[in-house]
Novice: 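Sharing a structure below in structure tokens format, with a few things to ask.
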Amino acid sequence: MVALKAKGVHPGLAVIIVGDDPASRIYVNNKKKACEYVGFRSEEYALPANTTQEELLALIDTLNQSDIDGILCQLPLPAHLDEKAVINAIRPDKDVDAFHPVNVGKIMIGDYDFLPCTPAGVMELIRESGIDIRGKECVVIGRSNIVGKPMSMLLLHAHGTVTICHSRTVDLAETVRRADIVVAAVGVPELIRGDMIKEGAVVIDVGMNRLSDGRLVGDVAFSEASEKASAITPVPGGVGPMTIAMLMQNR
Ligand code: GUN
């Protein structure tokens with residue numbers, strides 16, 4: 001950042017949030033705080049839940065043409081808005097989420113400018129922990145466009161042997177038991193139990209589920225799985241902070 005400042009570069013991120021989803025509000029606040037921390041300019045566009053598609057697209061069009069460097073529209077959007085059209089409207093070179101089809105395609109061929117922040121954060125965690133992915137059995141649970149699919153692609157680029165599990169997978173437990181590296185990103189509280197984890201496996205929990213009693217838990221039953229895993233991420237405080245750090249890199 002000091003080097004950027006010396007060059008007169010002061011990166012700016014526009015964050016759009018539509019409606020009042022409490023989780024989205026927390027994510028957006030954390031992104032703004034991170035911008036302040038690293039010295040970026042951040043602009044928040046908090047739009048009411050009844051914003052029309054035309055109004056949202058008009059804002060994106062304005063930001064596409066402005067001097068802002070990055071544009072991020074927090075998902076999910078209220079049901080009446082067309083998420084795909086919104087993602088497609090963001091200029092690919094300002095798409096710091098890497099959700100635009102151009103950026104998704106670039107990730108597919110391993111020639112990318114931006115990476116989606118959560119999968120990028122997971123890769124950084126694995127790398128920084130000195131874990132070698134090459135040739136390892138990697139099992140990703142979840143096939144979302146935001147996490148599961150790009151996560152699988154990054155593990156594949158790192159020479160992992162990758163399996164993607166989802167709601168139709170016939171024997172989840174047996175598939176996960178093969179894994180040297182497990183990435184859970186499915187949004188089902190504590191779906192992955194200790195008896196599904198191979199002794200010594202690396203377990204990364206992307207899940208963030210709020211229970212009716214207010215507790216925040218991941219997709220992995222942490223205390224059970226930690227008895228088997230050689231390394232495991234907690235929820236909260238594991239992957240979440242890495243996601244924000246990666247967003248700051250995507251400026
Ligand atoms: N909603 C949940 N995760 C994300 C993310 O990484 N980016 C955006 N824009 N919305 C999200």
Side-chain angles (χ1 to χ4, degrees), residues 12-35 40 42-47 49 51 56-57 59-60 63-64 68-79 81-104 107 112-125 140-154 183-189 204-210 216 218-219 233 235-251:
L13 173 69
V15 179
I16 305 169
I17 176 168
V18 186
D20 44 19
D21 179 69
S24 290
R25 173 40 64 196
I26 293 170
Y27 288 134
V28 166
N29 286 349
N30 286 341
K31 288 170 187 180
K32 273 169 48 188
K33 267 191 236 153
C35 279
F40 291 180
S42 81
E43 295 175 4
E44 180 182 305
Y45 296 86
L47 307 181
T51 299
L56 181 53
L57 292 179
L59 170 61
I60 291 172
L63 293 170
N64 278 342
I68 202 83
D69 302 277
I71 305 169
L72 180 157
C73 183
Q74 188 66 27
L75 304 178
L77 290 170
L81 295 171
D82 179 352
E83 238 167 56
K84 201 154 86 175
V86 168
I87 288 169
N88 288 352
I90 295 174
R91 239 173 72 174
D93 63 338
K94 294 191 177 190
D95 168 37
V96 286
D97 268 324
F99 292 168
H100 189 285
V102 166
N103 289 322
V104 173
I107 292 165
Y112 43 77
D113 308 304
F114 297 130
L115 286 176
C117 302
T118 301
V122 171
M123 292 305 285
E124 191 71 12
L125 267 177
V140 177
I141 305 115
R143 55 174 161 180
S144 71
N145 291 335
I146 295 184
V147 183
K149 286 182 204 164
M151 187 72 250
S152 309
M153 216 30 78
L154 297 188
V183 182
V186 72
V188 179
I204 294 161
D205 192 352
V206 180
M208 185 81 84
N209 309 293
R210 181 75 65 184
L216 194 59
D219 292 347
T233 63
V235 175
V239 172
M242 292 304 295
T243 299
I244 307 273
M246 293 303 109
L247 173 66
M248 297 300 109
Q249 279 196 353
N250 273 355
R251 46 118 211 110

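Just follow the structure's listing: the first ligand is 1, and inside any ligand the first atom is 1.
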Novice: Do any heavy atoms of Lys31 fall under 4.0 Å from ligand 1?
Specialist: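 It does; at least one heavy atom falls under 4.0 Å.
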Novice: Passes side chain to side chain donor-acceptor pair (under 3.5 Å), Asp219 versus Asn209? Steps please.
Specialist: CA-CA 8 Å; Asp219 292 347; Asn209 309 293; 2.9 Å; yes
Novice: Taking side-chain contact (heavy atoms from CB on, under 4.5 Å) as the criterion, tell me which of Leu72, Leu77, Val86, Ile60 meets it with Ile16.
Specialist: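 Single side-chain contact (heavy atoms from CB on, under 4.5 Å) partner of Ile16 among Leu72, Leu77, Val86, Ile60: Ile60.
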Novice: Taking only heavy atoms of Phe99, which atoms of ligand 1 are found under 4.0 Å from at least one of them?
Specialist: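 Ligand 1 atoms under the 4.0 Å threshold to Phe99: 5 (C), 7 (N), 8 (C), 9 (N).
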Novice: Give yes if a backbone or side-chain nitrogen or oxygen of Gln74 is under 3.5 Å from a nitrogen or oxygen of ligand 1, and no if not.
Specialist: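 Such a contact does occur with ligand 1.
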Novice: Take atom CG of Asp93 as the centre, draw a 6.0 Å sphere, and report whether it contains more than 12 heavy atoms from other residues, nucleotides or ligands.
Specialist: yes
Novice: Should Pro76 be counted as touching ligand 1, given the test is an N or O pair under 3.5 Å?
Specialist: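 No, there is no polar N/O contact under 3.5 Å.
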Novice: Main chain of Lys84, side chain of Asp82: is a donor-acceptor contact present, judged purely on distance under 3.5 Å?
Specialist: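 Yes, the answer is positive, given that a donor and an acceptor are paired below the 3.5 Å cut-off.
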Novice: For the side chain of Thr233 and the backbone of Ile204, is there at least one donor-acceptor N/O pair under 3.5 Å apart?
Specialist: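 Answer holds: no.
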Novice: Taking all heavy atoms of Leu125 and all of Met242, pick out the closest pair and write down the distance.
Specialist: CG-CG, 3.7 Å
Novice: For atom 9 (N) of ligand 1, what is the nearest protein heavy atom, given as residue, atom name and distance?
Specialist: Asp97 OD2, 2.6 Å
Novice: Considering only non-hydrogen protein atoms, determine which one is nearest to atom 1 (N) of ligand 1 and report residue, atom name and distance to 0.1 Å.
Specialist: Leu75 O, 2.8 Å
Novice: With a 4.0 Å cut-off on heavy atoms, is Cys117 in contact with ligand 1?
Specialist: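 Checking ligand 1 against Cys117, which is what was asked, there is no heavy-atom contact under 4.0 Å.
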Novice: Check each heavy atom of Leu247 against ligand 1 and say whether those closer than 4.0 Å belong to the side chain, the backbone, both or neither.
Specialist: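 The answer is neither; Leu247 stays 4.0 Å or more away.
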